[in-house]
Amino acid sequence: MDLLADVLAWFTDPDNWQGSAGIPNRTLEHMRLSALATAVAAAVAVPSGVLLGHSGRGGLIAVAVVNIGRAIPSFAIIALALPFSIRAGLGIGFWPTFLALVLLALPPIFTNSFTAVRSVGAEVVEAARGMGMREREVLFGIELPLGGPLILTGIRVAAVQVVATATLGALVGWGGLGRYIIDGFSVQDNVRVFAGALLVAALAILTDVVFGVMERILFAAAGLRGRRAPARMEHPA
Amino acid sequence: MPQRAFLATEPLIRWGWIWDHLEEIRTQTVEHFILTGIAVGIGFAIAMGLSIVALRFRRTYGPVTWVTGVLYTIPSLALFAFLVPYTGLSTLTAEIGLVSYTLLILVRNIVAGIDGVSPAVREAAVGMGYGRARLFLEIELPLALPVIVAGLRIATVTVVGLVTVTSIIGQGGLGLFILDGLRRDFYTPLIVGSVLSVALAVVIDVALAGLEWLLSPWSRARTAG
């Protein structure tokens, strides 16, 4: 395989490990923005999903959010974020990518948080109330710990999707690992394209694995791992 | 993308452009639909084969979902990029990528649907002399259809979204307008492509929801009663 040998040569070329276009910097950019976008989305979506789930209302909103989230292609979100970002004076590059990624991460985190709280058995909640727990105690002492694994699954799904979609940020003037693929395409450099694809795929899979390990560590002790719902059905990017 | 000439004064929509490009918009919408249809069709055939194997030999279900799960996790642009050196900037590249994203969803739903058939029904059919193949085709598959179609809906909507990305590897479809808008710093095609791809996803989703409803008269009777 000529290509694979060239790709290996690309990875061992010290030039590709230096400067702003080097692998370390591009990877760091990619990880930083993905982490930031996922964190901001989680800060918004976890509380709102949990509170709505606790209140027992908003089932229709949750369904609507799932469907809308699924129907909007991630490429379209990133592209649409560009004109709005420019009009808001935020320019190209970081802001349109960041805004799009946050928007993309909201639906899976919100619906999983909502479902997590909602799927705690009514009899458990009743028992807690019967024991004299107040609403706040029911929420923080019962619903959140029991729903924890599912909430984390939502964040995991969102994070993987964000890492994947951040690749497209290269089309709206941002950096990250997508640069290798997009720039490689435009100069028809298959080696760079392939190397970039390897890096992006590795980062996406690594994200998934890290969250998987986190779930195990956090919830194995509590014996709650059985409650992981088939929630990975969000669309890939 | 060279210099960024996007201006805050550029209107979001230039209706004149849309009016002048109606024919092309129609062509690319059809192209988008076709690319989606081919991917879901082939994906369904492969998923059905994989599911039959997984149902027959339970031990293979784990590996099958693991492999399709890894494919599902790889970002689409990266997956296309892996294929380009081998299959070029071609429809084949696009379709291989698109098909691989349907597999996990479809296999899970087909297997779950067939697993959901009540053992009593299965036993009754066997008692009536149904062989394995007839049991599968005439009893299990029809009963599993609503769950399978639900999987088809998710897979199709997913593929509609991913087809937009195939414009980056030189394919047609509505992503072409999005990419064109980005390349020429021109909002109108970008918005047209985005809005139409969402609309196409919604239309197909609703159509398949209708199909799901038609295919499961028993659940309809239940909700009606």
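First the proteins, then the strands, lettered A, B, ... as listed; each starts at 1.
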Checking B/L89 against chain A: side chain, backbone, both or neither under 4.5 Å from a heavy atom?
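For B/L89, the contact with chain A is made by the side chain alone.
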Considering only heavy atoms, which portion of B/L174 lies under 4.5 Å from any heavy atom of chain A: side chain, backbone, both, or neither?
neither
Would you give the length of the straight line joining atom [atom1] of [X] to atom [atom2] of [Y], rounded to the nearest 0.5 angstrom?
{"X": "B/L182", "Y": "A/L168", "atom1": "CG", "atom2": "CG", "answer": "10.0 Å"}
{"X": "B/I178", "Y": "A/L82", "atom1": "CD1", "atom2": "CG", "answer": "12.0 Å"}
{"X": "A/F84", "Y": "B/Y187", "atom1": "CZ", "atom2": "OH", "answer": "9.5 Å"}
{"X": "B/T73", "Y": "A/I205", "atom1": "OG1", "atom2": "CD1", "answer": "6.0 Å"}
{"X": "B/I74", "Y": "A/D208", "atom1": "CD1", "atom2": "CG", "answer": "11.5 Å"}
{"X": "B/F82", "Y": "A/N190", "atom1": "CZ", "atom2": "CG", "answer": "12.5 Å"}

When you compare the side chain of A/V193 with that of B/P85, does any pair of heavy atoms fall below 4.5 Å?
no
Measuring only between side-chain heavy atoms, which start at C-beta, is B/V84 closer than 4.5 Å to A/F194?
no
Looking at [X] and [Y], what are the two nearest heavy atoms and their distance?
{"X": "B/V198", "Y": "A/P73", "value": "CG2-CD, 3.7 Å"}
{"X": "B/S167", "Y": "A/F75", "value": "OG-CE2, 3.8 Å"}
{"X": "B/P75", "Y": "A/A201", "value": "CD-CA, 4.0 Å"}
{"X": "B/A81", "Y": "A/F185", "value": "CA-CZ, 4.2 Å"}

Does atom [atom1] of [X] have more than 12 heavy-atom neighbours, drawn from other residues, nucleotides or ligands, at distances under 6.0 Å?
{"X": "B/R59", "atom1": "CZ", "answer": "no"}
{"X": "B/L22", "atom1": "CG", "answer": "yes"}
{"X": "B/F33", "atom1": "CZ", "answer": "no"}
{"X": "B/W66", "atom1": "CH2", "answer": "no"}
{"X": "A/M31", "atom1": "CE", "answer": "no"}

Option in A/I77, A/L80, A/D183, A/V160 with maximal non-hydrogen atom pairs under 4.5 Å from chain B:
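If we count pairs closer than 4.5 Å to chain B, A/L80 comes out on top.
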Output the option from A/T167, A/L199, A/L198 having the highest count of non-hydrogen pairs under 4.5 Å with chain B.
A/L198
Start with the C-alpha distance between A/V200 and B/L77, add both sets of side-chain angles, then the distance that settles side-chain contact (heavy atoms from CB on, under 4.5 Å), and finish with yes or no.
CA-CA 9 Å; A/V200 171; B/L77 191 57; over 6 Å; no
Just give me the residue among B/L79, B/V202, B/V160, B/I168 that pairs up with chain A most often, heavy atom to heavy atom, under 4.5 Å.
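Option with the greatest count: B/I168.
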